[in-house]
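Presented below is the structure to which this report refers.
Counting starts at 1 for both ligands and their atoms, following the listed order. Computation of the quantities below employed the complete heavy-atom set of this structure, encompassing side-chain atoms and omitting hydrogens, waters and symmetry-equivalent molecules. As the structure is a computational prediction, the values presented were derived from the model and not from experiment.
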Amino acid sequence: MKAEVACMTAASPDHKVLARAGMILKKGGLVAFPTETVYGLGGNALDPSASRKIYAAKGRPSDNPLIVHIADMKDLEGIAAAVPEKAREMADKFWPGPLTMIFPKTDRVPLETTGGLETVAVRFPSDPIAQELIRCAGGYVAAPSANTSGRPSPTTAQHVIDDLGDTIDMIIDSGPVGIGLESTIIDFSGDVPVILRPGYISPQMAGEIVPDIRIDPGLLKDGGNVRPKAPGMKYRHYAPKADLTVVEGSLQEVTLLIREKVKESIREGRTPGVIASEETFECYPEGIVRCIGSRSDEESIARHLYQVLRAFDDDGVEVIWSEAFDTPTLGQAIMNRLLKAAGHRVIYAGGQKNDSSGV
Ligand code: AMP
Ligand code: MG
């Protein structure tokens, strides 16, 4: 099956196409659509067979639960059995937006959607096209990132076409997404709220409403062998085809070491790639060098990360050296994705590293 690709903009959504896409979802089909974070692969969240189709299309392990997307606050009660007051305050502040919250589920949500868990992850996206589609589909759309499992999440419709163009019913194209990293996930199903996945909503931002918020120890570099609580975080996601290594240290030492590594790779007959920033782009005379964004604009780095990783796949690069991007607010979310893409392969330029902060 070749997916129908429908183009529209958030400023002028095509209501007819969205009504049709909503019908496809109601009948159990799959539609990929834009959100402010990344493109999602939508299916009816209350239909077990639609959820099974999502897992099959992505090649996603069936223990990795799906996030249910809503477009109206009143729909939360239909799927969440208990919503603490603090979670309501988080919703007031950050919904619609890049925040997912986990609650005990009601019986309406099939275990196929939650990967067998008795909890459900819920998000209310801000993208107007996503919202209209969710309403047309009946209110509850399960939507993981619209990539083949293990590949970088899609930030353009072309990425979705590349991965799923032959497998799903429709792809809605509204251009590149705004944020480029998946939502922050906070678990509100236990005694203390816990961040299970870092994202655009930083721990500091969440901490203003929930001062006792914790970070899942499974996400911390010094967390030992603790398993991450979100099943999806244990997989090596976001992997480019080439071996990727992140180089940490002072920027000057990092650029010098990457230059050396690039030379070494060329000597060994391997095609090297470099992930650089606007500030360092000129420092690399050799290799295929891609600029991820500016260090003074961390949102640009977040927005371009997956696109850069995918571009290296197309170039046939065999080994990638990346600078680290420990930027002030989004650094934790960016480094979480980058280190997973690297399978946690890190080298330190200019001696030992001394911090053990979370990723
Ligand atoms: P994706 O939709 O591809 O961005 O992945 C969704 C992420 O949310 C995965 O890491 C899942 O493991 C996590 N997730 C979804 N539902 C739950 C839940 N009920 N409990 C814990 N983690 C969840
Ligand atoms: Mg994903």
Side-chain angles (χ1 to χ4, degrees), residues 30 32-43 45 50-51 54-55 57-70 76 79-83 87 98-106 108-125 130 140-155 159-160 163-164 177 179-190 193-201 214-219 226-239 302 305-306 309-310 333 336-337 340-341 359:
L30 301 185
F33 61 98
T35 81
E36 66 276 23
T37 58
V38 299
Y39 273 76
L41 174 58
S51 291
I54 292 179
Y55 286 104
K58 282 179 62 84
R60 183 176 173 108
S62 59
D63 71 341
N64 187 3
L66 309 175
I67 295 173
V68 180
H69 292 67
I70 58 172
L76 180 61
I79 53 173
V83 180
L99 171 70
T100 296
M101 292 190 277
I102 294 176
F103 308 107
K105 76 173 192 70
T106 65
R108 287 184 80 188
V109 188
L111 289 169
E112 281 80 355
T113 300
T114 63
L117 298 176
E118 288 299 333
T119 52
V120 63
V122 191
R123 183 162 101 83
F124 184 163
Y140 299 108
V141 175
S145 49
N147 53 287
T148 308
S149 230
R151 292 213 73 202
S153 295
T155 54
H159 297 161
V160 184
D163 282 12
L164 302 171
V177 300
I179 293 177
L181 297 179
E182 304 83 349
S183 57
T184 305
I185 302 180
I186 303 181
D187 184 0
F188 276 96
S189 68
V194 182
I195 297 180
L196 303 191
R197 176 171 75 184
Y200 187 84
I201 310 293
R214 305 219 179 116
I215 296 183
D216 179 4
L219 295 181
V226 182
R227 263 199 160 199
K229 192 157 178 248
M233 298 299 280
K234 68 177 184 277
Y235 295 108
R236 185 188 167 197
H237 267 195
Y238 324 118
L305 173 63
Y306 291 138
L309 292 176
R310 279 182 179 255
N336 169 265
R337 276 45 169 204
K340 280 176 90 177
V359 289

Min heavy-atom dist Thr114 to ligand 1 below 4.0 Å: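 Flag not set, Thr114 not near ligand 1.
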Does ligand 1 have any atom sitting under 4.0 Å from a heavy atom of Arg60?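 Yes, Arg60 has heavy atoms under 4.0 Å from ligand 1.
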Provide the number and element of each atom of ligand 1 under 4.0 Å from a heavy atom of [X].
X	value
Ala121	15 (C), 16 (N), 17 (C)
Leu117	18 (C), 19 (N), 20 (N)
Thr119	18 (C), 19 (N), 20 (N)
Ile185	7 (C), 8 (O), 13 (C)
Ile67	6 (C)
Arg197	1 (P), 4 (O), 5 (O), 6 (C), 7 (C)

Do ligand 1 and Ser145 have nitrogen or oxygen atoms that lie under 3.5 Å from each other?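 Indeed, backbone or side chain, Ser145 has an N or O that close.
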Do any nitrogen or oxygen atoms of Lys58 lie less than 3.5 angstrom from nitrogen or oxygen atoms of ligand 1? no
Counting heavy atoms only, which of Ile54, Val122, Asp187, Asn64 comes nearest to atom 9 (C) of ligand 1?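 Selected option, by shortest heavy-atom distance: Asn64.
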Is there a side chain to side chain contact (heavy atoms under 4.5 Å, CB included) between Glu36 and Tyr200? Walk through the geometry before answering. CA-CA 11 Å; Glu36 66 276 23; Tyr200 187 84; over 6 Å; no
Report the residue from Arg151, His159, Glu182 that forms a side chain to side chain donor-acceptor pair (under 3.5 Å) with Tyr306.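 Testing Tyr306 for a side chain to side chain donor-acceptor pair (under 3.5 Å) against Arg151, His159, Glu182 leaves exactly one candidate, Glu182.
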Does Lys58 reach the main-chain N or O of Ser145 with its side chain, forming a donor-acceptor pair under 3.5 Å?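 Here the side-chain-to-backbone pair exists.
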Side-chain donor or acceptor of Arg337 paired with backbone N/O of Ala341 under 3.5 Å: no
Presence of salt bridge, Arg197 and Asp187, under 4.0 angstrom: no
Are any N, O or S atoms from Ser145 nearer to the Mg ion (ligand 2) than 2.8 Å?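 Under 2.8 Å: Ser145 contacts the Mg ion (ligand 2) through an N, O or S atom.
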Kindly assign one of parallel, tilted or perpendicular to the pair Phe33 and His69, based on the angle between their ring planes and the thresholds 30° and 60°.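 The arrangement is perpendicular - the two ring planes meet at more than 60°.
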Quick one about Thr119 and Ser189 (side-chain donor to acceptor, distance below 3.5 Å, no hydrogens or angles considered), yes or no? no
Please determine which of Val68, Leu99, Thr37 meets the side chain to side chain contact (heavy atoms under 4.5 Å, CB included) test together with Arg123. Thr37
